[in-house]
Amino acid sequence: MEPSSLEVAVVPAESGLHARVLDHLGTAICGGELAPGAVLNIDELVDRYAVSRSVVREVLRVLASIGFIEARRRVGVMILPASAWNVFDPQVIRWRLASAGRMAQLRSITELRTAVEPHAALLAATRIGHDEASDLVGLAAKMWAAGEAGDEERFLHLDIEFHRRVLLASGNEMFVRLQDLVAEVLTGRHKHHLMPHHPHQQALQMHADVAQAIQRRDGDRARQAMVRLMEQAFDEMKSLWEQTVAPDVDLGRDQAP
């Protein structure tokens, strides 16, 4: 039986309500508005967001799947501490970047990238195909042009694609899975105005250095160039979080209820 027009119309609406409630609760948990140990009441959530119980249940299912909440007998749905979260979930990264925990998220992701991406560049130099290497050099040139032109949207797109391709070319399936995390943090920096309007020429040159070293299959030089690029990104972030007065939400440190 074909679905009725009413059923077809309801599905997108329910989906939109689900996303809205999920984003609000996820950001509230990441930001500490809903502290560890707090209990969520389904009926209260239904009234607060003016949605159906099925929408609330689906939202809670998603939050449970990433370690934000846990249903406990005779207690209810309890908020879990940050140490229980799946911090590699792109949604978690997005919510933390939109919350008071923004600087802590930037710090941890930048530290992860500093540890992983230089080695990914080294591996890429030994495993990348000829055409892929040429494309990477061309991508770095496009980044330079977008940066010089002040085209922030295009530069962001190209920057995400550049780092995605380096991780992919590493041939390490676990490194490849980090591409969504890198995309989220680069997008978040742009969205929350945490990137310079015009990329520093030094950063543009570093991307070119990484690409050229990979194309030449010089693993050591590729790794060193990526180290410099990550250090430059780390220094940018460090200056930002040192200016932050509000306390961040750090993983492993529970917030006061």
Side-chain angles (χ1 to χ4, degrees), residues 87-94 96-97 105-129 131-148 151-192 194-196 198-238 240:
V87 294
F88 288 96
D89 189 296
Q91 287 185 115
V92 176
I93 294 171
R94 191 179 316 129
R96 292 189 73 200
L97 288 172
Q105 177 65 95
L106 284 171
R107 182 169 58 243
S108 60
I109 285 287
T110 305
E111 289 171 348
L112 176 65
R113 294 182 64 197
T114 301
V116 171
E117 291 197 57
H119 196 68
L122 183 151
L123 293 175
T126 65
R127 297 173 177 174
I128 198 169
D131 290 343
E132 290 80 9
S134 296
D135 289 344
L136 189 65
V137 171
L139 193 57
K142 291 176 182 178
M143 287 181 66
W144 195 301
E148 289 287 293
D151 189 339
E152 296 180 49
E153 292 292 340
R154 179 163 172 74
F155 181 84
L156 172 64
H157 171 76
L158 294 170
D159 196 15
I160 290 172
E161 182 63 14
F162 181 90
H163 291 280
R164 186 190 73 82
R165 292 197 189 189
V166 172
L167 291 169
L168 185 63
S170 74
N172 183 299
E173 71 278 8
M174 299 188 78
F175 285 2
V176 173
R177 291 296 298 272
L178 297 177
Q179 61 180 297
D180 290 340
L181 281 73
V182 173
E184 284 295 341
V185 76
L186 291 175
T187 301
R189 285 185 62 188
H190 175 77
K191 178 180 179 180
H192 299 291
L194 299 173
M195 295 184 77
H198 292 272
H200 300 303
Q201 279 216 338
Q202 186 180 17
L204 296 173
Q205 182 62 57
M206 288 173 184
H207 282 87
D209 291 344
V210 170
Q212 289 166 7
I214 289 175
Q215 185 185 45
R216 294 168 184 160
R217 301 194 177 280
D218 189 335
D220 287 339
R221 189 175 293 274
R223 181 184 61 78
Q224 293 167 8
M226 187 64 87
V227 166
R228 291 194 295 272
L229 182 57
M230 292 297 101
E231 287 176 344
Q232 192 257 358
F234 194 93
D235 287 343
E236 286 182 354
M237 291 298 93
K238 186 178 179 181
L240 286 171

*Side-chain donor/acceptor of R217 to backbone N/O of I128, under 3.5 Å*: yes
*salt_bridge(E161, R165) N-O dist < 4.0 Å*: yes
_Nearest heavy-atom neighbours spanning L167 and F175_ = CD2-O, 3.7 Å
*asked:* So does S170 get a backbone contact from the side chain of R127, meaning a donor-acceptor N/O pair under 3.5 Å?
replied: yes
_With no hydrogens and no angle check, just 3.5 Å: does a side-chain donor-acceptor pair link S108 and Q105?_
yes
_Less than 4.5 Å apart, side chain to side chain, heavy atoms only: is that true for L106 and R189?_
yes
*Rounded distance (nearest 0.5 Å) linking atom CG of D159 with atom NZ of K142*: 14.5 Å
*Would Q91 and E184 count as having a side-chain donor-acceptor pair, cut-off 3.5 Å?*
no
*Please check if any side-chain donor atom of H157 sits under 3.5 Å from a side-chain acceptor atom of H190, or the reverse.*
no
*Find out whether E111 and R107 are in side-chain contact, i.e. whether some heavy atom of one side chain is under 4.5 Å from a heavy atom of the other.*
yes
_Taking every non-hydrogen atom, the tightest pair across V87 and V92_ = CA-CG1, 4.4 Å
_Shortest non-hydrogen contact from D180 toward P90_ = CB-CG, 3.9 Å
*Closest non-hydrogen atom pair between A211 and A140, with its separation*: CB-CB, 4.1 Å
*Determine whether more than 12 heavy atoms belonging to other residues, nucleotides or ligands lie under 6.0 Å from atom CZ of R221.*
no
_Test item: Q179 and V176 side chains (from C-beta on) under 4.5 Å apart, heavy atoms_ = yes
_Are the side chains of F162 and L186 in contact, using a 4.5 Å heavy-atom criterion?_
no
*Going from CD on Q205 to CD on Q201, what distance comes out if it is rounded to the nearest 0.5 angstrom?*
8.5 Å
_Once rounded to the nearest 0.5 Å, what's the spacing between atom CG of L168 and atom CG of L178?_
12.5 Å
*When rounded to the nearest 0.5 angstrom, what distance separates CE in M206 from CD in Q224?*
12.5 Å
*asked:* Return the OG1 to CD distance between T110 and E231, rounded to the nearest 0.5 Å.
replied: 12.5 Å
*Between the main-chain N or O of A145 and the side-chain N or O of E148, is there a donor-acceptor pair closer than 3.5 Å?*
no
_Contact check, side chains of I160 and V182, non-hydrogen atoms, under 4.5 Å_ = no
_Within this structure, what is the CG-CG distance for the pair D209 and D218, rounded to the nearest 0.5 Å?_
11.5 Å
_Contact check, side chains of H163 and E117, non-hydrogen atoms, under 4.5 Å_ = yes
*Write down the atom of A121, the atom of I214, and the distance for their closest heavy-atom approach.*
O-CG1, 3.8 Å
